[in-house]
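Scroll down for the structure; my scribbles are underneath it.
Order of the sequence lines sets the chain letters (A, B, ...), proteins ahead of strands, with each chain counted from 1.
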Amino acid sequence: MKYPFEIFKEEVIMQLEKAIKNLYNLEIEVKVEKPKEIADLAFPCFQLSKILKKDAREISKEISKRIKGEWIKETKAMGGYINFYINVDKLAKELITKIEKMGDNFGKLDKKNLKVIVEHTSANPNGPLHVGRARNPIIGDTIARLLKFGGYDVITQYYVDDMGKQVATLFWGVKNLKEKGKIMEEKTRKKPDHTYVVYYQIASKLMEEDERVKEEIEEIMRKCEKGDRKILDEMKKIYKNVLEGIVESLRMLNIEIDEFIEESQFVLDGSVEKVIKELERLPHVKKEGKAVYIDLEPFGIHGRDKKFYLTRSDGTSLYAIRDIAYHIWKGERADFLINVLGEDHKLEAKLVEIALKLLNKKTPEVIFYAFVSLPEGRMSTRKGRVVYLDDLIEEAIERAKKEVEKRSNGEKDVEYIARSVAIGAIRYNIIKVKPEKAIIFKWEEALNFEGESAPFIQYAHARCCSILRKAGIKIEEINDIKYNHESEINLIKMLSLFPEIIKESIKTRNPSMLAEYSYSLASCFNAFYRDCRVIGSDKEKERLLLVNATRQVLKNCLNLLGIEALEEM
RNA sequence: GGGCGUGUGGCCUAGCCUGGAUAGGGCGCUGGCCUUCUAAGCCAGCGGUCGCGGGUUCGAAUCCCGCCACGCCCA
C-alpha cells in the first residue's frame with residue numbers, strides 16, 4: 001500500500017529520470033530532497049552540471065519545463081535547483097479520505113511476515129529501576145511499538161539474570177539479615193523492590209568489609225553455575241518480589257513485556273554445555289586447563305587482555321557463555337533480533353557477536369544508550385546514589401496534578417489527566433534525545449511540561465477533540481475539499497509526512513525522529529488554530545475534516561510513543 | 001595503551017548514515033497577545049568560529065586524516 005506523499009515522490013523521481021534520459025541521454029540515480037519551506041521536494045542539478053559541463057541553472061530550467069504529472073502541481077527552476085510543488089487539492093482529498101478510513105491504522109506499513117524479538121530492560125532484579133537506566137525500557141518499548149506499526153511481528157523479552165552476583169548478594173542479604181532478624185524492615189513504601197533493595201545495599205557493604213561474607217556469596221554463585229535447582233528456586237522466591245516491583249514501574253510507564261527469560265534456563269537445559277562443546281571445536285577457541293576462552297587477537301580487539309573467557313578453571317560457565325546460549329535460542333525463534341543495552345555492555349555485546357558468528361548463528365542488532373547520570377556522577381544502587389524511577393514518576397504526577405488543578409473546572413478527571421501528562425513528559429523527554437547521547441539528569445528538565453514536551457502534543461490533541469466536541473455535528477463527506485489558507489496547507493502537508501517518518505524512524509531505528517515529528521505536527525496545528533477559525537466559519541465543514549484528521553494522526557503518534565492521547569486537559 | 005560513542009548560541013537538542021539553498025527546535029532572557037473553538041498556547045527580539053587543524057569537492061555540521069575534551073568499557 002502506498003501513501004499520497006510517497007506517490008508524489010515516486011512520480012517526481014520518475015519524471016526526473018525520464019527528462020534526464022530524454023534531454024541528455026543519461027541514466028543516473030535520482031535523489032530528491034525535502035527542503036524546509038522552499039518546496040515540497042527539490043532536485044539539485046550540480047552533479048549533472050559537472051557531468052554535462054553546463055551551468056546548473058540552465059539545466060534546471062531545461063528539465064523543469066519537461067516535468068508534468070498528476071501529483072505535481074508546479075515545477076520551478078531556482079538557481080541550480082528544481083523545486084517541486086505538490087498538488088494540494090488532490091493531496092487534501094486523498095489524504096483526508098485515507099486518514100478517515102484507516103483511523104488508528106493510518107501510517108501502518110505492509111505486513112512483513114517477519115518475526116523480531118526485542119530484548120530490553122533486562123535489569124538485575126536486585127532493586128528498583130533507577131533513572132540511570134530508564135532509557136532502556138522506554139527506547140525498547142517505543143522501538144517495539146514502531147516495529148509493530150511497521151508490519152513486523154514483535155515479541156519483547158526481558159532477560160532475567162537470576163544467577164549473577166547482584167541476585168546472589170540480595171539473596172544472601174535476605175537470608176542473613178532479614179530471616180535472622182538482624183535488621184528490621186522499614187516499610188517506607190509498599191513496593192517490594194524498594195523494601196528488598198535495602199538488604200542488597202547492606203549485604204554489598206558487608207561483602208566489601210568481610211571476607212567471609214564475600215566467600216558465602218561466591219559459594220551461592222558457584223552453586224547456581226553448577227545448576228543447583230534447589231538454590232535457584234530459593235533465590236527465585238526472593239528476586240521474584242523485586243521483579244514484580246520492576247514490572248509495576250514499567251506498567252506505570254505503559255510498558256508491558258511479553259516474555260521473561262531466566263538465565264538459569266540455559267544452564268539447566270544443558271544448552272550452555274552444548275555450546276561450550278561446539279565452541280571448543282572451532283579455531284581461535286583455546287583451553288587453559290579447564291578454562292575455555294576465545295583468542296581475540298584475530299578479531300582486532302587489542303585490550304590489555306586478549307582472552308575472552310567462556311568458562312572458569314573449574315569448568316563452570318561464565319555470564320558470557322550463557323548470554324551466547326540465550327542468543328542462539330532467541331535466534332531460532334525469530335527472523336531478527338534487536339537488543340537495547342547500556343553502553344557499558346558494548347564489549348560484551350561485541351564478544352557475543354564474535355562467538356555467534358563463529359557458530360554461524362544470527363547476531364543481534366544492538367541499540368546502545370548512554371547513561372543518565374547525576375550532576376554529582378554516575379548513579380549506583382549499591383552506593384545509594386540514585387534517583388529511582390518511581391520517585392521521578394511520583395514527583396511528575398504531583399507536579400502535573402498542580403497544573404491540572406489550576407485549569408480544572410471541577411468536572412475533569414484530575415488523577416487520570418495528571419498521570420497521563422506526567423508519564424508522557426517522562427517518556428517524551430527520554431525518547432526525544434537520541435540514545436547514544438549522554439544525559440545529565442535534572443529535575444526541571446525531566447519534568448518540563450512546556451515547549452518541546454509531551455504535554456504540548458497532548459494539548460494540541462485535546463484542542464482538536466475540544467473543537468470536534470463543540471462543533472457537535474457529524475462530519476460529512478465533502479466532495480470538493482479546498483484549502484487556501486497557508487496554515488491549512490502547511491498542516492495538510494505535515495500530515496502527509498507521517499508515513500514517511502514511520503518508515504524512516506524504523507529504518508534508522510531512531511524513535512527520536514518520531515518524537516520530533518509529533519512536536520512539529522502539534523506546532524503546525526497550533527498555527528492553524530491561531531489563523532483559522534473553525535466553528536462558525538463559512539469553511540466549518542472542511543476545517544472540521546482537517547481537525548479530525550489532525551486529531552487522528554496526533555493520536556497515532558502518541559500511541560506509538562506510549563503516551564495517552566488525552567481528550568481534555 | 002586499545003576499542004566504541006559523543007562534542008552544534010548561557011543550557012538542552014535536531015540534522016550527520018545518503019554532502020546542496022539564510023544550520024531547524026526547545027529552555028532561559030527581553031517585550032507583546034486571553035470580550036470568539038482550552039494561554040500546557042501564540043507573536044516579536046537577543047543570542048551560533050556546528051570542539052580544533054588539515055584534506056576531498058563546484059559545494060562540508062555532514063565524507064576522509066590528525067589532534068583535543070568528555071562518557072562507557074578492557075571480562
Inset, instruction - Give none if B/G45 has no partner; otherwise give the nucleotide forming a Watson-Crick or G-U wobble pair with it, both distances under 3.5 Å. - result: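 Partner of B/G45: B/C29.
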Inset, instruction - Can you check whether any acceptor in the base of B/A75 is under 3.5 Å from a donor in the side chain of A/Asp344, or vice versa? - result: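 Side chain to base: no pair present.
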Legend entry - Beyond-backbone contact of A/Leu337 with A/Glu119, side-chain heavy atoms, under 4.5 angstrom: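 They are not in contact (no side-chain heavy atoms under 4.5 Å apart), so the answer is no.
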Inset, instruction - Would you mind building the protein contact string for nucleotides 5-18 of chain B? One character per nucleotide, 5' to 3', B for base within reach (heavy atoms under 4.0 Å), S for sugar-phosphate only, - for untouched. - result: SSSB----SSSBBB
On a whole-Å scale, what distance lies between the [atom1] atoms belonging to [N] and [M]?
{"N": "B/C72", "M": "B/U56", "atom1": "P", "answer": "38 Å"}
{"N": "B/G48", "M": "B/G25", "atom1": "C1'", "answer": "14 Å"}
{"N": "B/G19", "M": "B/C58", "atom1": "P", "answer": "15 Å"}
{"N": "B/G47", "M": "B/C11", "atom1": "C1'", "answer": "12 Å"}
{"N": "B/G51", "M": "B/C16", "atom1": "C1'", "answer": "16 Å"}
{"N": "B/U6", "M": "B/C17", "atom1": "P", "answer": "12 Å"}
{"N": "B/C46", "M": "B/A60", "atom1": "C1'", "answer": "29 Å"}

[X] vs [N]: side-chain N/O to OP1/OP2 distance below 4.0 Å:
{"X": "A/Arg378", "N": "B/C73", "answer": "yes"}
{"X": "A/Arg407", "N": "B/A40", "answer": "yes"}
{"X": "A/Asn526", "N": "B/C42", "answer": "yes"}
{"X": "A/Arg530", "N": "B/C43", "answer": "yes"}

Inset, instruction - Might you confirm whether atom NZ of A/Lys503 has over 12 heavy atoms from other residues, nucleotides or ligands at distances under 6.0 Å? - result: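 Yes.
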Legend entry - Centroid separation A/Phe43 to A/Tyr81 less than 6.0 Å: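 No - the distance between ring centres of A/Phe43 and A/Tyr81 does not fall below the 6.0 Å cut-off.
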Inset, instruction - Run the ring-centre check on A/Tyr309 versus A/Tyr293 and record whether the distance is less than 6.0 Å. - result: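 Yes; A/Tyr293 has its ring centre under 6.0 Å from that of A/Tyr309.
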Tell me the salt bridge (Lys or Arg N to Asp or Glu O under 4.0 Å) pairs involving [range], sequence neighbours left out?
{"range": "residues 309-328 of chain A", "answer": "A/Glu225-A/Arg312, A/Glu225-A/Arg322, A/Glu263-A/Arg322"}
{"range": "residues 557-567 of chain A", "answer": "none"}
{"range": "residues 420-431 of chain A", "answer": "A/Asp141-A/Arg427"}

Legend entry - Contact residues, residues 559-569 of chain A to RNA chain B [heavy atom, < 4.0 Å]: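 Of all residues in residues 559-569 of chain A, the ones placing a heavy atom under 4.0 Å from RNA chain B are A/Glu568, A/Met569.
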Legend entry - Selection: residues 47-62 of chain A, any non-hydrogen atom under 4.0 Å of RNA chain B: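 Hits under 4.0 Å, by residue number: A/Gln47, A/Lys50.
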Inset, instruction - Indicate, with a heavy-atom threshold strictly under 4.0 Å, whether A/Arg463 touches base, sugar-phosphate, or nothing. - result: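 Sugar-phosphate contact only - A/Arg463 comes under 4.0 Å of backbone atoms but never of a base.
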Inset, instruction - For A/Ala462, answer base if it contacts any base atom (sugar-phosphate contacts may also be present), sugar-phosphate if it contacts only those atoms, and nothing otherwise; contact means non-hydrogen atoms under 4.0 Å. - result: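 Contact class for A/Ala462: base.
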Legend entry - A/Tyr319 and A/Glu348: side chain donor to acceptor below 3.5 Å: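 Absent: no donor and acceptor within the cut-off.
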Legend entry - Residues A/Glu403, A/Arg399: salt bridge by 4.0 Å N-O rule: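 Not counted as a salt bridge, because no side-chain N and carboxylate O are separated by less than 4.0 Å.
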